[in-house]
Every structure is written in structure tokens, then in C-alpha cells.
Student: 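Okay, here's the structure, questions in a sec.
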Amino acid sequence: MSPLLKTIHLKKYFPVYRGLIPKVIGYVKAVDDVTFEMDKNEVFALVGETGSGKTTLGKTIAGIYRPTDGRIYFEDVDITQLKGEKLKKMRVNVQMVFQDPNSSLNPRRKIKSIVATPLEVHKVGNRTERMKKVRELLEMVELSPDECLDKYPSALSGGERQRVAIARAIALSPKLIVLDEPTSSLDVSIQAKIIDLLKKLQYKLNSTYLLITHNIALVRNFADRVGIMYVGNLIESTTIDELIYKPLHPYTKLLLSTVPTIEDKESDLIPKDEGLINCLFTTEISSPFNPPEGCRFHPRCPYAMPICKKKIPELVEQSRGHSVACHLY
Amino acid sequence: MGHLLEVKDLCLHIESYKGMAKILEDVNLYIEQGEKISLVGESGSGKSLTAMTILGVLPSGAKIVKGEILFDGQNLLHLTQKEILKSRIGYIPQYPLTSLSPSHTIMEQMIDYIKYAGSEKTETSMLLPNFLKTLSKKQEKNNTFAKGLTDILLRVKLSSPEHVLSSYPFELSGGMNQRVLIATVLSFKPRLLIADEPTSALDVSVAYVVNSLLMEHVRKSKCALLYITHELGIAKTVSERIYVMYSGSIMESGATEDIITSPLHPYTKGLLVAIPKLTKTSFKGIDGRLPSYINPPEGCRFHPRCPYAMPICKKKIPELVEQSRGHSVACHLY
């Protein structure tokens, strides 16, 4: 079976201008050479810190950004080459839920108009049919249509707003939904509710999720496979169980060792590597504008070898389904 | 007697255009000398306002209806802001970038803070006379001062303190700014440090660094800590005791171990279950939403969301009652 989505050497650079007559002085390499695959009906999580390029990658896949270089295949169709009507049709298949529902919902439009927008853009049914669909969608995200339809986003709580954003994303029954930190602006008691809803919807709609997040504990409870990103590179990709029990890349180990835990059983799962943790105190994350030569993690890595400073490691499969980009392996 | 800080029956109302918001309802808490406690609650539970009341920096329209805040036997509500600062209460804010001025360098701001809050017993104020002596010679002044400030910054393991001193806050990362703030505040040897979600705006690994540095210095300087957070996981690592707050009231308080392993209040239980865990044990949320402060529900403010609510919960506000040694809960179930 061919994968639902495949990216090949995907790159997204943002030019940086300087001077009175703007001149390009360099590029922010937000996504640099990312190759990965997603299967149907799976939840693939992209994990990384601020500035690692995970959101840019998500937006590029959703068609919001045009890639600088590389290919994105969606059901074996190269979507980077599509234009006009064909591109519009493709966009039905990929929808996105954004991080902050306060800024992704227009404050001056009512909920019914927000949720109906995708239906209008893609000319689904007539007015009454669309209204009926909007009511259905709101019920699917467990909101009461009678109460919400005529409200403005400001009258809803953060969790309810995120539900509206989800309703809008599933309006066209997309095959792939990009979830960009869907719960990071919410409280934990609400976060669990939203994740619960997303799980139910995935089962009901048979959709595939690309989850972008920095919360490994959340990924553990929601995703099937994980990709770890660091300054624009995908450095490790594996199943979630492998990631917790057998992390390979030093950066992955570092991320795991800083997760705050509640239960004693959890802390047992955390790798304890003093050398790695010490390097956190003295070094800062590299900038994607001026990344170091070779492996981008080498300035922070206690295991760095001479080759790490010269050659960018490639993502190589170590065991079935577990790839890592590190010269140690 | 003996408590370093004691908040007694504090009630705070804020005037808004929709009506009077009853924010804090009979908040009671205490901190012993050198003790580390944390105040845990979700957004809008009133935990930051509790801290702001202690520091005397309330927003306009806020009114303290009842209660007192005793710091070393002195009622803070009767003091001015500057006097509060001089009584050696330190504060670390949530967003370092918005609490530092964007148009002054780190060095200028550190000097500013030291001039404003310096009291005689602290080491940074020892720098002040030197500073005044060399006022005429600007270069020299900067050098003497920079030396002292560099030492302060080195304590939070910043790798190039000279560079940090001459930078503006936006040139530094969030974690570095937060480290600068921690270093500055701790250079006073505060007796009480209030940290208001110091790491919630930072990445997990940076948060880890900031928290470890903070705890290291708190331990070393033996100051008391009031750590405000919404993450029980962080509260577990930093504090000896936890206060759980919901909708402006303290719901439960006790030793960290007791709260985490044997929570009593349904809200605390719900919070613990709602946190996703690495062990993949099931997690689920709490139904409903935070009640409005203008028309809070009668009785216990948690009852509309509580799965165990009884008729009495709708009528009577439960009081914080000690159940076992040091473990108190405000719930009619007990």
C-alpha cells in the first residue's frame, strides 16, 4: 500500500532582507531536507522545540506555504506542482487546526459563518443544506448548535473555541488534518477533553492526523509514530513505544529527560544522562538562520566526534521503522 | 506566630463594567521560613492575583474586602510598594520579555533594580557606594559595576555574561532573560521569592534548566519560595507543600507527596487524571468550565463540575478542614 503522504527532501527557506533597498542577505532554513512518510489512519506526531520548524513543515504540507525545494506526494500526486483549480480541489483533502483559537477564528463573524466558510468556498450544497451540515458538525464536536450558532467567538471559552476550529477543519471530511499544537493554549482538564474528541472523530471519520506538539507525554497517549525535529532537520523517526523505551539520538534522550512527571513509574522511563543534561546549562539552541556546519546538534552534544562538525548525518533506518540521523549509529 | 508569611481570610473583589467580580474568597495560606510551597491551579483560578496582592501591585478597580497579609508580623496591606520591595520579597514574572524594558540594556536594568530596591544588608548594595564614587568617570563606573554584575550572572551559568550585559532583552532568548531575572532578584538575598509561572512561556528543556537553577539558588540562599504554576509535575519537583486553588478559593493543601499520591478533593483528583502520562495510563478531562466570577455558583464553586456533588454543596461553602496531619481539604465529602 502506498503511503497517504510522502515528502522528499522538502525545504522551506525564508529570505532575510536588510538595507534601504532590501537585499537578501541570507535565509532562515526553517525546514531543511525533511523526508518522511505517513500511512492512512495513523497519528504521526512531530515533536520539537520552538524554532525547530515543525509548524512550518505542517503549514507547507497543508499548502499554506510553497516549498522552496523538494516534493510532497499526497496519494502519489505531487502537490507542489499543482495550480489553480486542481490545487483548490486538493486542499479539500488537507485541513488544519491552528494553535491559538483566539487568533484563528475571526472575532467579527458568528460561529455559523465561521464553520460554513469551507463549505461555501468549495460550493457544497445550497444554503439550507449547508446550515444543516453546520449543525451536524457542531454536534460532532459536542457543542450545542442552538446555543452556539449565533454567538461570536469571544462569547465562548478557550476549549469551546478550539472545538469550533475543529468543526471547521472537518467540514469537508479531509483525509489529512494537520493539528498544530491544538491544546497548548488550553488548561489540562480541557486538553484531555479535546484529545478525547479528536480520537473519537478520527475513528468516526477515518482520517489521518499530523500532530505538531512539544508535549511528549501527550504524544505517548495519542500518536502512533513520532518524528523528532531539531533546527529544521528531522533527526529521529520511530514508533512511540520505541521512542520511549529505546531512544537513539542524543537530542531525543535530552528531550525525554526533561519531561516533568507525576508518577514514580514515569520517572523510571526517563533516561538519566548527566553529560547531556549538563550541556543544556551552558549552550543555547542553534539558530536556523546561521546553523552550524555538519550535524546541527553537535555544539550541544557531549558525544560529538570530529565528523559531526563536517558532515550532516542522514536519516538511516536502524531497525524496522526506526530511523535516526546521527553519526553514532 | 513563626510563619514568615501568612495570608488570612483574604477576599478580593474587582470592579468591572459587568458588575463586581468576586475573585478571591477567603484565601488562607502560610509559608514558613525557608519553606518551598507551590500554588497550583488552572488559568483564571486567582493564583496570580494572590501573588499580586502580596506584592501590592493590584490592578485598578481591585478592592481588598477582608483579610490581612502578615509578613514577619507586619501587615503588608498597610505598606507602600517600595516598602514591600525593601522588605525583601523577590518576584519573578511569567513573561520575561514583557517585564523587561525593550529600550534599555540588561546592565542598565539591573543597575536600576539595584538602585531602587537596594537595602543595606545585601551584597549588591555594597556596589552602590563604588558606583556613586565613580559617577564622574563613566568608563570606570561601568567597569566596576560590570564586574559585580558579571559575577551575579555567572551564578546562573550564563556562558558569556559580558555579552549579556550589553544586550537588549530581545536579543536574548526567553530562557536567558529568565536567568537574568533570577540572578538579579536573588542577588538581594530575598527572604521570600514569589515565582509566577516562571517557565510556562519556555520550552520544556529550557524550563528544566531555569527550574533547576532557581531551585539550586533557593536552596543555597535558604529563602522561602512561593511557586505559582499550573503544572502539578513541576510543583512536585520544586515544592514541599502544595496549595490547590480553584475559582479563587483554596480547595486542598498538604505535603506534596500526599497531594500527588492521595488527593482528597474531587478537583485535585480530576486534575491528576487529566495530565497525560508517559506510562500511557488513561487520562480524561473535567466536564464543564470555570464559573463566572460575577455570578459565582452558590455553595462550593466546584459543584457544577463535580461528579460527587450533594445537595449541601449547592448551599454551603465548605471550609478548609484538616483531615490528617497537615493535609486539609475544603469539601463536604469529608
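Note that these values count all heavy atoms, side chains included, but never hydrogens, waters or copies made by symmetry. Letters go in sequence order (proteins before strands), and every chain restarts at 1.
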Student: Check chain B against chain A and list any donor-acceptor pairs under 3.5 Å.
Tutor:
unit_1, atom_1, unit_2, atom_2, d
E42(B), OE1, S189(A), OG, 3.4
E42(B), OE2, S189(A), N, 3.4
E42(B), OE2, S189(A), OG, 2.7
S43(B), N, D187(A), OD1, 3.2
S43(B), N, D187(A), OD2, 3.2
S43(B), OG, D187(A), OD1, 3.3
S43(B), OG, D187(A), OD2, 2.6
S173(B), OG, E284(A), OE1, 2.8
R179(B), NH2, F281(A), O, 2.7
D203(B), OD1, T50(A), N, 3.3
D203(B), OD1, T50(A), OG1, 3.0
D203(B), OD2, T50(A), N, 2.9
D203(B), OD2, T50(A), OG1, 2.7
S205(B), OG, E49(A), OE2, 2.4
K236(B), NZ, I262(A), O, 2.8
K277(B), O, N221(A), ND2, 2.9
L278(B), N, E266(A), OE2, 2.8
L278(B), O, R220(A), NE, 2.5
I286(B), N, S189(A), O, 3.3
D287(B), OD1, K193(A), NZ, 2.7
R289(B), NH1, E160(A), OE1, 3.0

Student: As an exercise: rank V206(B), V209(B), V156(B) by heavy-atom pairs under 4.5 Å with chain A and give me the winner.
Tutor: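 Of V206(B), V209(B), V156(B), V209(B) has the most heavy-atom pairs under 4.5 Å with chain A.
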Student: Which one, L290(B), I275(B), I286(B), leads in non-hydrogen pairs under 4.5 Å with chain A?
Tutor: I286(B)
Student: Any idea which of I244(A), V219(A), L218(A) has the most non-hydrogen atom pairs under 4.5 angstrom with chain B?
Tutor: L218(A)
Student: Given a strict heavy-atom distance threshold of 4.5 Å, which part of I234(B) is in contact with chain A: side chain, backbone, both, or neither?
Tutor: both
Student: If I measure from the heavy atoms of chain A, does L272(B) come under 4.5 Å with its side chain, its backbone, both, or neither?
Tutor: side chain
Student: So which heavy atom on V259(A) is nearest to which on L278(B), and how close?
Tutor: CG1-CD1, 4.4 Å
Student: Give, as side chain, backbone, both or neither, the part of I277(A) having an atom under 4.5 angstrom from any heavy atom of chain B.
Tutor: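 Side chain only.
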Student: Using a 4.5 Å cut-off on heavy atoms from C-beta on, say whether the side chain of L213(B) contacts that of F281(A).
Tutor: yes
Student: Measure across A274(B) and A192(A) and return the closest heavy-atom pair with its distance rounded to 0.1 Å.
Tutor: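 Taking every non-hydrogen atom into account, O-CB, 3.9 Å.
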Student: With a 4.5 angstrom heavy-atom cut-off, is it the side chain or the backbone of I195(A) that approaches chain B, or both, or neither?
Tutor: side chain
Student: Looking at every heavy atom in both P276(B) and A217(A), which two are closest together, and how far apart are they?
Tutor: O-CB, 3.3 Å
